[in-house]
Protein chains: 4
Amino acid sequence: MPKKNKDQAPAKRGRPRSEATRLAILKAAREILDEAGPMRVTVEAVAARAGVGKPTIYRYWSNAQELSMTALMEGAPEGASDPATGEVGAIEALTAQVASVVQRFASRRGRQAALLMATAEADSELAKAFRNRVILSSRNEGKVYLKRAIEEGDLRGDVAIETALDLIYGPIFYRMLAGHAPLNEAFANEIVALALEGMKAR
Amino acid sequence: MPKKNKDQAPAKRGRPRSEATRLAILKAAREILDEAGPMRVTVEAVAARAGVGKPTIYRYWSNAQELSMTALMEGAPEGASDPATGEVGAIEALTAQVASVVQRFASRRGRQAALLMATAEADSELAKAFRNRVILSSRNEGKVYLKRAIEEGDLRGDVAIETALDLIYGPIFYRMLAGHAPLNEAFANEIVALALEGMKAR
Amino acid sequence: MPKKNKDQAPAKRGRPRSEATRLAILKAAREILDEAGPMRVTVEAVAARAGVGKPTIYRYWSNAQELSMTALMEGAPEGASDPATGEVGAIEALTAQVASVVQRFASRRGRQAALLMATAEADSELAKAFRNRVILSSRNEGKVYLKRAIEEGDLRGDVAIETALDLIYGPIFYRMLAGHAPLNEAFANEIVALALEGMKAR
Amino acid sequence: MPKKNKDQAPAKRGRPRSEATRLAILKAAREILDEAGPMRVTVEAVAARAGVGKPTIYRYWSNAQELSMTALMEGAPEGASDPATGEVGAIEALTAQVASVVQRFASRRGRQAALLMATAEADSELAKAFRNRVILSSRNEGKVYLKRAIEEGDLRGDVAIETALDLIYGPIFYRMLAGHAPLNEAFANEIVALALEGMKAR
DNA sequence: ATATAAACGAGACGGTACGTCCCGTCTTTCG
DNA sequence: CGAAAGACGGGACGTACCGTCTCGTTTATAT
């Protein structure tokens, strides 16, 4: 049996890519992001800071924006903030989660993420991953709570869950984008309360 | 009394700015926006296309982004789509308006506007104007409908109007940003129905 | 008469090019040439040293090689080493000139010039100018001496002047290229003597 | 007796270098030289074309220039165009040889060889070999003819042979470098005739 | 009518960053 | 264990725009 990998691995040749290098690049990108903002995350600056050649960066990402997206994704582990201990009611848990999302997106990092999302070319693979990880993961979490609230009889069973989710999470990004009102915990409570008002089981 | 303007006007001398030039610049910017997207709206390209010197553009705007915002604002007269003729119920009118807003932001121009808003420096005067004109004008329109619906007894009087408005208009930008579901008329109907469900007068 | 320039000047528009900038670039190029050799005359290094943007250099020259050629041409005024005072015989004057040419091309600058000539694209306008100024100017000077020598009866009148000139100046570049023997004053004397041996009027 | 080489060879271990590989590299280099010129003979391009790793090339040559020199040397077997059959006079034979040299250096390959020679670092071993093989071999051939011409009494015995050789072969490279006049057979005849004019035995 | 002065087109300028090519070295896996 | 493959740090390329700065040329007032 001369072959080691049974037709599953593509048999990589040549020097393998260095994970350490990749991490150094992401670290540098994250530092610049924090210190100087997204406009300064240029391939040139990141390469210089990471002690890396520009071509190495281009080997992994096709431009500074994609690099930024990866940096933001891998930098913030995106929590999955405690999947609700069951002790507490589903709607209360949802409210708490929305509050934490609001808080996250009220921060600089949150704004950067949204900006990046808005700027990105929508169809790239990385953009989709970023969207799922950064923008939609909270929405998916929320879906679990809503379903549980229905199971537990707190919400009516005929609720249009998808629309309800947009009602709950949409306003967060709206305020972030338009800035017409503050992003704080009170806001989180108001949204959830009002959005679910009409869905309550009587 | 040698002065004509009684110490209020600063007595303009020299050649006045040419409105035709300003319009040519905006026209060129809009064309590039349509043909090649917001990334290509560079001061250089606009100047070349408008047959204008770069300093002339900088005399009016401080960078390409501000120019784009003006172009977008003056290009789309922003409708103010018939302020509801009173014949029709306030909630129906609101639903129709939301549908038209959804349609507008489903277009390329709409996406460009939102992107520009996201990218803009939040504190500039022009950015505020842009925000009011492009992002918040629809919300303000909506507020009128909501108030009328309360007056007409369709909605309860103790409704938190501001939150309700965010509930209605937020999801539009959310879907535009995240792209997880389509922006169409059905969506408009669903949002309004669900958002107001809990505010209905019983 | 509204026009100032009577159809002779091409009516320059825009900010004129700064001669000071051009000279600073050439100075920097010459310095690098001296200190580090022709390989180090990169557009980037010259721009940095001259305190000039790269595009400014590309506005004048299309690559580092052309820049080097200009630097070498304008740097060494190419002497026209005293056009022979008439007091001395034409052949003696020629010998002295050849000796000075040998000396010049024995230097680093000389080698650089020849190398540049060899590397240059032959058909460019600048390459032709460089060839005339740096490589062929000495040959043209020599032609004057040969003619005078014929007039003065030192050489026969039926001599093939062009071939004779190649016989005299060719060996200089040959030795420089092949390096099989030294470039010194003795060599200059030998060449001229032997080359003209067969042309002496009897 | 397990060893093949009887203790005189340095006991080669491991996979021996493949001569086929070496030839493939040289072939690829020669092809690029022909098709795209000397500037395009980069180690990278040659490796790709020859289907060879870059380190393999660096194992044989220290840079692309040396590779080019070898390619040019081994590509053109350098003729040694008929070592004079004795039937014909030495001066006639010399004239014929000079004509063939002129023809060779009038070609693209000739120009490339001279360019390479000019660019090369003079002190490298390979550069010396190249110079001897490509630039000076014709001169050495010529020396034989000159000596024979003296022996045969066609030329005077007190001739400075080295200078005479430079007089004959120098103009070829001069014209190639400066391009002020064509390189053709007539030129070859003229040079030899004029150069030897003064050395003829009377 | 004639100065005066700002706006204008043109485009050069010092810069920053782009994305690409190639260098020469290194680190794997394959034959 | 040599050779292919190819990643790596690095340097330079030539280009696109940036925002600023002269230029010479209109074009309206204000004298």
Side-chain angles (χ1 to χ4, degrees), chain A residues 2-5 11-18 20-22 39-40 42-48 50-60 62-64, chain B residues 2-4 11-18 20-22 40 42-48 50-60 62-64, chain C residues 2-5 11-18 20-22 39-40 42-45 47-48 50-60 62-64, chain D residues 12-18 21 39-40 42-45 47-48 50-59 62-64:
Chain A
K3 279 188 179 176
K4 279 179 183 173
N5 33 3
K12 278 192 267 179
R13 308 242 306 187
R15 176 175 175 177
R17 294 191 174 177
S18 153
T21 294
R22 207 187 79 99
M39 289 298 296
R40 293 299 176 85
T42 67
V43 172
E44 210 135 75
V46 172
V52 144
K54 281 200 293 171
T56 300
I57 294 183
Y58 283 107
R59 226 170 270 128
Y60 288 94
S62 61
N63 53 52
Chain B
K3 278 188 182 177
K4 278 180 181 172
K12 277 193 276 181
R13 301 244 306 187
R15 178 175 174 178
R17 292 190 177 176
S18 152
T21 294
R22 206 187 78 100
R40 295 300 175 85
T42 66
V43 171
E44 210 133 75
V46 172
V52 142
K54 284 199 292 172
T56 302
I57 294 183
Y58 282 108
R59 222 168 275 128
Y60 288 94
S62 63
N63 53 51
Chain C
K3 278 187 181 177
K4 279 179 180 171
N5 34 2
K12 276 191 269 180
R13 307 248 300 190
R15 177 174 172 176
R17 294 191 174 178
S18 152
T21 294
R22 207 187 78 99
M39 290 297 297
R40 293 300 175 85
T42 67
V43 172
E44 210 134 74
V52 144
K54 282 202 291 173
T56 301
I57 294 183
Y58 283 107
R59 225 168 271 130
Y60 288 94
S62 61
N63 53 52
Chain D
K12 276 192 273 179
R13 303 235 310 179
R15 180 170 169 181
R17 291 190 176 179
S18 152
T21 295
M39 291 296 297
R40 294 299 175 86
T42 66
V43 172
E44 208 131 60
V52 142
K54 284 199 291 171
T56 303
I57 294 183
Y58 282 108
R59 224 167 273 130
S62 62
N63 53 52

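Chain naming here is simple, since letters A, B, ... match the order of the sequence lines and numbering starts at 1 in each. Being a predicted model, the structure only gives us computed values, none of them experimental.
- A straight line from OH of D/Tyr58 to C1' of E/dC22 spans 8 Å, rounded to a whole angstrom.
- Atom CZ of C/Arg13 and atom C1' of F/dT26 are 10 Å apart (whole Å).
- Residues B/Ile57 and B/Val46 come closest through the heavy atom pair CD1-CG1, 3.8 Å.
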Under-3.5 Å N/O pairs linking protein and nucleotides 14-17 of chain E:
{"residue": "E/dG14", "atom": "OP2", "partner": "C/Thr56", "partner atom": "OG1", "Å": "3.0"}

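- Between the CZ atom of C/Arg15 and the C1' atom of E/dA12 there is a distance of 5 Å, given to the nearest Å.
- Nearest-nucleotide assignment on DNA chain E puts the 5′-proximal partner with C/Pro16, out of C/Pro16 and A/Ser62.
- Checked by atom type and distance alone, the side chain of B/Arg59 never pairs as donor or acceptor with a backbone atom of B/Arg17 at under 3.5 Å.
- In this structure, B/Thr42 and B/Ala64 approach most closely via the heavy-atom pair CA-CB, 4.3 Å.
- B/Ile57 has its CD1 atom 13 Å from the P atom of F/dT20, to the nearest Å.
- Of all the heavy atoms in A/Ala47 and A/Gly53, the pair that sits closest is CB-C, 4.3 Å.
- Residues D/Asn63 and D/Val43 approach most closely at C-CG2, 4.5 Å, considering heavy atoms.
- Terminal axes of the helix from E/dA1-F/dT31 to E/dG31-F/dC1 (five pairs each, C1' rotation axis) are separated by 10°, to the nearest 10°.
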